Protein chains: 2
Amino acid sequence: MTNLSRIESELKEKGYKLTNARIEVLKVLIKNEGKHLTSQEIYEMVHQNTPGIGMATVYRTLSLLEEMRLLYSSVFTDGKVRYELAKDDNHHKHHHLVCLNCNKIIEVEEDLLEEIEKKIWEKKKFKIVDHSLKFYGYCKECYQKEKKD
Amino acid sequence: MTNLSRIESELKEKGYKLTNARIEVLKVLIKNEGKHLTSQEIYEMVHQNTPGIGMATVYRTLSLLEEMRLLYSSVFTDGKVRYELAKDDNHHKHHHLVCLNCNKIIEVEEDLLEEIEKKIWEKKKFKIVDHSLKFYGYCKECYQKEKKD
DNA sequence: TTAATTGCAAATGGTTTGCAATATT
DNA sequence: AATATTGCAAACCATTTGCAATTAA
């Protein structure tokens with residue numbers, strides 16, 4: 001729970017109140033790290049533990065955390081917005097592999113975009129500050145299954 | 001208008017009717033190639049020319065074209081879905097530069113992901129069939145202006 | 001105590017759908 | 001003439017908002 005208290009003190013530092021609803025949302029996010037949950041899924045889990053908390057509060061908490069850059073959201077091809085806790089410092093140095101068969105989302109740590117970004121700067125003078133890269137395809141398991149069918 | 005008739009015959013080939021609404025939507029898409037219009041913007045332009053055509057029809061036409069892979073849609077950070085006509089054969093070999101200041105969308109033709117994709121296949125056995133890459137930052141004009149301010 | 005936060009329900013905005021009327025083949 | 005397509009309005013779904021009640025500081 002060291003992660004939880006770290007975020008809690010960041011909230012306090014910025015003058016936000018440490019409410020029960022916020023703690024419950026954070027607990028769900030931490031317990032499900034790496035799962036890329038939707039707001040609906042987060043709400044359901046929070047609601048299971050603490051039925052009093054409403055969807056609006058969940059949304060407000062997610063927005064707050066995103067504004068604080070403790071949380072990131074991303075739209076995937078199924079049209080759903082999914083959330084993931086920031087990985088400490090350089091969060092955005094990872095990409096997503098999305099399996100078109102089982103919808104699994106795998107993270108890749110490589111950041112091989114530096115070279116591309118340099119080229120773009122040289123050629124277009126476009127100053128890049130962030131990027132979003134998703135690969136769509138078939139995960140190991142689904143790809144093997146597919147070949148058998 | 002060679003582009004329009006090419007798409008028209010593809011529609012016919014697949015047994016779809018060549019209706020006025022479809023032609024009007026296509027004309028707007030072709031006239032605005034490279035602009036990454038939203039459904040709303042497309043509707044407004046279509047509606048200006050032919051007031052009878054409704055939003056639902058525009059949506060149905062966009063979905064049809066997308067299904068036929070003549071059109072691609074993408075969600076940008078402003079949360080809006082934007083459409084672009086497929087560039088002939090290997091449409092997906094380009095990326096987007098999105099200016100965070102003026103919201104301009106610039107296309108880059110480079111496809112330097114092959115190396116990354118090869119690495120991912122080797123390491124993870126994830127079979128990539130498509131990708132989506134967006135760079136966020138500041139275009140030449142906005143970046144220069146920013147420095148002066 | 002007091003200002004921020006919450007829960008609820010209503011509002012919003014974008015997209016989809018049912019259906020009877022219409023247009024294309 | 002037969003069938004796909006359309007326009008309209010209503011339905012839908014995710015997200016946001018207003019407001020009075022509640023809670024953390």
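Sequence lines set the chain letters: A, B, ... in the order given, protein chains first and strands last, and positions in each chain run from 1. Everything numeric in this text was worked out from a predicted model, so none of it was measured.
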**Q** Side chains of Gln48(A) and Glu44(A): is there a donor and an acceptor less than 3.5 Å apart?
**A**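 Side chains of Gln48(A) and Glu44(A): no pair found under 3.5 Å.
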**Q** Considering every strand and a 4.0 Å limit on heavy-atom distances, what is the contact class for Gly15(A): base, sugar-phosphate, or nothing?
**A**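 Here Gly15(A) touches no strand at all.
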**Q** Is the distance between the ring centroids of Trp121(A) and Phe135(B) under 6.0 Å?
**A** no
**Q** In terms of the nearest nucleotide of DNA chain D, which residue is placed more toward the 5' end: Tyr16(B) or Ser39(A)?
**A** Tyr16(B)
**Q** Please report, rounded to the nearest Å, how far the P atom of dT5(C) is from the CG atom of Leu65(A).
**A** 12 Å
**Q** Return the value, rounded to whole Å, for the distance between atom NZ of Lys14(B) and atom P of dT25(C).
**A** 17 Å
**Q** Judged by modelled atom types alone, do Lys134(A) and Thr77(A) share a side-chain donor-acceptor pair under 3.5 Å?
**A**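 No, no side-chain donor-acceptor contact under 3.5 Å.
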**Q** Choosing from dG7(D), dT6(C), dT6(D), which nucleotide comes nearest the side chain of Ile53(B)?
**A**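 The listed nucleotide nearest to Ile53(B)'s side chain is dG7(D).
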**Q** Measure OH/Tyr43(B) against P/dT6(D) and give the value in whole Å, please.
**A** 14 Å
**Q** Rounded to whole angstroms, how far apart are CG on Asn20(A) and P on dG7(C)?
**A**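 Checked: the CG to P distance equals 9 Å.
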**Q** Between the base of dA3(C) and the side chain of Lys17(A), is one N or O donor paired with an acceptor at under 3.5 angstrom?
**A**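 Checked by distance alone, the answer is yes.
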**Q** Counting any heavy atom closer than 4.0 Å, what does Ala21(A) reach on the DNA or RNA strands: base, sugar-phosphate only, or nothing?
**A**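 Result for Ala21(A) = sugar-phosphate.
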**Q** What integer distance in Å separates Glu24(A):CD from dT23(D):C1'?
**A** 15 Å
**Q** Could you tell me the separation between the CZ atom of Arg82(A) and the P atom of dA14(D), rounded to a whole number of Å?
**A**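 Distance check: Arg82(A) CZ to dA14(D) P gives 12 Å.
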**Q** Between Gly52(A) and Lys80(B), name the one whose nearest nucleotide on DNA chain C is closer to the 5' end.
**A** Gly52(A)
**Q** Taking C-beta and beyond as the side chain, do Lys31(B) and Met45(B) meet within less than 4.5 Å on heavy atoms?
**A** no
**Q** Choosing from dG7(C), dA25(D), dT5(C), which nucleotide comes nearest the side chain of Leu18(A)?
**A**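 So the nucleotide nearest the side chain must be dA25(D).
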**Q** When the ring planes of Phe76(A) and His36(A) are compared, do they come out parallel, tilted or perpendicular, using 30° and 60° as the limits?
**A** perpendicular
**Q** Take the protein atom CD of Glu8(B) and the nucleotide atom P of dT25(C), then report the distance between them rounded to whole Å.
**A**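 The distance from CD of Glu8(B) to P of dT25(C) comes to 10 Å, rounded to the nearest Å.
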**Q** Taking CG from Leu11(A) and P from dA4(C), how many angstroms apart are they, rounded to a whole number?
**A** 15 Å
**Q** If you look at every strand shown and take non-hydrogen atoms under 4.0 Å, does Arg60(A) touch a base, only sugar-phosphate, or nothing?
**A** base
**Q** Any side-chain N or O of Thr19(A) less than 4.0 Å from the OP1 or OP2 oxygen of dT6(C)?
**A** yes
